[in-house]
Amino acid sequence: MRLTFYGAAETVTGSCALLSAGKGAQLLVDCGMFQGSAALRDRNDDPFPFDPGSIDGLVLTHAHIDHSGLLPRLVREGFKGRIYATRATSDLCRILLMDTAHIQAADAQWQNRRRLRAGQPPVLPLYTTEDVERCFRFFNGVGYGERVEAGGGVDLTFRDAGHILGSSFVEVRAKAGKTSRTIVFSGDLGMRNRPLLNDPELPAEADFVVIESTYGNRRHKDREASLDELAAAIRETVERGGNVLIPAFAVGRTQEVLFEIQHLTRQGRIPRLHLYVDSPLAIAATEIYLRHRESLDEETRALLERRDAPGPRPTLHLVESVEESRALNRVESGAIIVAASGMCEGGRIVHHLKHNLWRPECSIVFVGFQSRGTLGRQIVDGAESVSVLGEEIAVRARVHTIGSFSAHADQAELLWWLGHFTNPALRVLVNHGEPDAARALAGQIRKAHPWRVRVPRAGESLEV
Ligand SMILES: [Zn+2]
């Protein structure tokens, strides 16, 4: 039996691993897109390092594009197996992949106008909305805790990972000849005690665990300290007469930010403000969250059932059309604008940055991880000016980074979760982290446990 790491090895995006457990048991875990720097994004065009037609099944841990983004291409290039995912993941995946297909069509169109003028042949988008539609024929909805036969002597159990709606870590039990193995793939793990979602479930026994390490070298502040920080940033911005911009992933982070701003308003910790969700995708994702209440935590379910929750609320504006979004450029103060993309690499947030980033009275509040090479990372790292939509913009707004909003477990939480494995011969494979983060987590695991720990390189294949 072999396990090969094709993506999210030595980096955080492009999650993809192949478990080869004999005939009929070629199982891919995630098929994500590489995101971040141009060099990383170029890898999305590389041919798959395996024949998509030879894959029997695909386990999708959650809907984020860095885990699901190459599925339509996989199907177009011959994959005919089953895709196993929770129903909430499947619903979120549909809107995310459609959005990605639209972005790619627009990008290709833009590039082709230039290429045509330069006498070069046109480029094709990575995939189209038809490709996205086609891949949903292969989806099989799975519930948490269900044991699913995946053929070829493989069975799967999905468990709540508490990262975004529908997110899972997956126990894979496989047999090849006389060898039988249980391998746990952590997917992306969430933090405990977060709003909206349940805490991650505890893992059962395993021979191998593949664990993410996005924040393998960091600790998040606790929720209350972060809420204080967010409230202070908002109050001060209002006093200075500016706007608060919050770049946020449409799925997961936006819903959490909305919840917390309502919470702060209700408690009187910030004034009642205009709260704009400027992202049709985030609005659609919020509807899916509401549709899958069974996957939300008790506190949220109770709040949703009680429409008469006490205290003031922000004035919520769901901004769908481009015209409405543009109209926000004229709003000079008193607005909280939540928009995608979370790393400021595209989407409507970029326009809001152009109009607010140079204004010292405004604030940019980062609530998520900023990958190397992204505009968000440049701003967080203290650039004095940045290029936005081809224009040099001075960074004069206050920049805040609020760590605990992360949908990812930090080092302490990852170690806490791992600590529930009791097999002394467990082997730990650390992926989904930048090299420093992965190595730091691996070091801490070695200190605390007798287990063999390895950080696989990209393309590395191990006997399991
Ligand atoms: Zn994720």
Side-chain angles (χ1 to χ4, degrees), residues 60-64 67 85-89 92 142-146 156-171 184-206 209-216 218-227 230 249 251-260 262-263 285-286 288-290 292-305 367-369 402-422 428 430 432-433 441 444-445 448-449:
L60 181 60
T61 60
H62 65 289
H64 276 150
H67 292 256
T86 63
R87 291 166 194 97
T89 293
L92 287 175
V142 177
Y144 290 132
E146 248 172 67
L156 315 166
T157 309
F158 283 61
R159 310 251 178 226
D160 195 341
H163 167 65
I164 59 167
L165 185 80
S167 67
S168 319
F169 68 86
V170 184
E171 298 161 10
V184 171
F185 292 88
S186 78
D188 288 358
L189 286 173
M191 293 284 286
R192 281 177 293 165
N193 306 317
R194 306 297 311 154
L196 300 176
L197 301 174
N198 289 307
D199 291 349
E201 283 186 68
L202 300 180
E205 222 27 270
V209 57
V210 179
I211 186 162
E212 67 124 325
S213 58
T214 315
Y215 285 104
R218 276 189 258 177
R219 290 209 172 207
H220 300 323
K221 282 186 201 146
D222 72 33
R223 180 178 170 196
E224 270 314 305
S226 293
L227 283 179
L230 176 63
F249 285 126
V251 176
R253 196 59 40 83
T254 294
Q255 290 72 33
E256 197 181 338
V257 166
L258 295 183
F259 183 95
E260 298 293 36
Q262 299 198 26
H263 175 72
T286 306
I288 293 174
Y289 266 68
L290 295 174
H292 286 278
R293 284 183 193 198
E294 78 288 350
S295 299
L296 300 174
D297 69 5
E298 234 178 84
E299 183 194 353
T300 312
R301 283 205 307 266
L303 203 65
L304 287 171
E305 257 120 63
V367 290
F369 184 77
I402 299 188
S404 90
F405 268 91
S406 179
H408 286 275
D410 63 4
Q411 187 187 68
E413 289 287 300
L414 290 168
L415 290 169
W416 172 84
W417 185 81
L418 265 182
H420 292 84
F421 288 97
T422 52
V428 184
V430 180
H432 200 288
L441 182 67
Q444 292 299 320
I445 300 168
H449 300 281

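What you see is a predicted model; the values in this text were computed from it and never measured.
- With contacts defined as side-chain heavy-atom distances shorter than 4.5 Å, the pair D297/N198 qualifies.
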Open item on the list: Show, in sequence, the C-alpha distance, side-chain angles and deciding distance for L441 and L415, and conclude whether the side-chain contact (heavy atoms from CB on, under 4.5 Å) test is met.
Closed with: CA-CA 8 Å; L441 182 67; L415 290 169; 4.1 Å; yes
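- One N or O on the side chain of D199 and one on the backbone of N193 form a donor-acceptor pair closer than 3.5 Å.
- Taking 4.5 Å as the limit, every side-chain heavy atom of L156 sits out of range of all side-chain heavy atoms of V142.
- Between the OG1 atom of T157 and the CZ atom of F169 there is a distance of 10.0 Å, given to the nearest 0.5 Å.
- E205 places a side-chain N or O within donor-acceptor distance of the main-chain N or O of T422, the cut-off being under 3.5 Å.
- Residue L189 holds its CG atom at 14.0 Å from OH of Y215, rounded to the nearest 0.5 Å.
- In this view, R223 and E260 satisfy the salt bridge (Lys or Arg N to Asp or Glu O under 4.0 Å) rule, not counting sequence neighbours.
- Of all heavy-atom pairs between G162 and S167, the closest is N-OG, 3.5 Å.
- Scored by the side-chain contact (heavy atoms from CB on, under 4.5 Å) test, T214 finds V12, E212, F369, H408, H432 as partners (sequence neighbours excluded).
- For E294, the salt bridge (Lys or Arg N to Asp or Glu O under 4.0 Å) criterion is met by no residue, not counting sequence neighbours.
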- [ ] With side-chain contact (heavy atoms from CB on, under 4.5 Å) as the test, would you mind laying out the steps for T300 and Y289 before giving the verdict?
- [x] CA-CA 11 Å; T300 312; Y289 266 68; over 6 Å; no
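- When all heavy atoms are compared, the tightest approach of L227 to H263 is CD1-CD2, 3.9 Å.
- Note that the CG atom of D160 and the OG1 atom of T86 stand 8.5 Å from one another [nearest 0.5 Å].
- The distance from the CD atom of E413 to the CG atom of L418 is 11.5 Å, given to the nearest 0.5 Å.
- Under the side-chain contact (heavy atoms from CB on, under 4.5 Å) criterion, R87 pairs with E146, H292, not counting sequence neighbours.
- Judged by distance alone, with hydrogens and angles left aside, the side-chain atoms of H163 form a donor-acceptor pair with the main-chain N or O of A407 at under 3.5 Å.
- Here the shortest heavy-atom pairing between A409 and G190 reads CB-O, 3.5 Å.
- Side chain of Q411 to main chain of R218: no donor-acceptor pair is present (N/O by atom type, distance under 3.5 Å, no hydrogens or angles).
- Across every non-hydrogen atom of V367 and F405, the tightest pair is O-CB, 3.3 Å.
- Taking L202 as the reference, W416, H420 meet the side-chain contact (heavy atoms from CB on, under 4.5 Å) condition, with sequence neighbours excluded.
- The shortest side-chain heavy-atom distance between H449 and V428 does not fall under the 4.5 Å cut-off.
- Residues L196 and F259 share a closest heavy-atom pair of CD2-CD1, 3.7 Å.
- You'll find the side chain of H62 stays beyond 4.5 Å of the side chain of S168, heavy atoms only.
- A search for side-chain hydrogen bond (donor to acceptor under 3.5 Å, both in side chains) contacts involving R219 returns nothing, not counting sequence neighbours.
- In this view, F421 and W417 satisfy the ring-ring contact (aromatic ring centres under 6.0 Å, His included) rule, not counting sequence neighbours.
- Residues meeting the side-chain contact (heavy atoms from CB on, under 4.5 Å) test with A63, sequence neighbours left out: T89, L92, C93, L96, I164.
- Remark: the H64 side chain and the D188 side chain contain no N/O donor-acceptor pair separated by less than 3.5 Å.
- Partners of S186 by side-chain hydrogen bond (donor to acceptor under 3.5 Å, both in side chains), not counting sequence neighbours: none found.
- Here Q444 pairs with nothing under the side-chain hydrogen bond (donor to acceptor under 3.5 Å, both in side chains) rule; sequence neighbours left out.
- In this structure the side chain of L296 reaches within 4.5 angstrom of the side chain of L165, judged on heavy atoms.
- Taking the salt bridge (Lys or Arg N to Asp or Glu O under 4.0 Å) definition, one finds that E171 meets it with R159, R173, sequence neighbours left out.
- When all heavy atoms of G166 and A88 are compared, the pair lying nearest together is CA-CB, 3.8 Å.
- Scored by the side-chain hydrogen bond (donor to acceptor under 3.5 Å, both in side chains) test, E201 finds no partners at all (sequence neighbours excluded).
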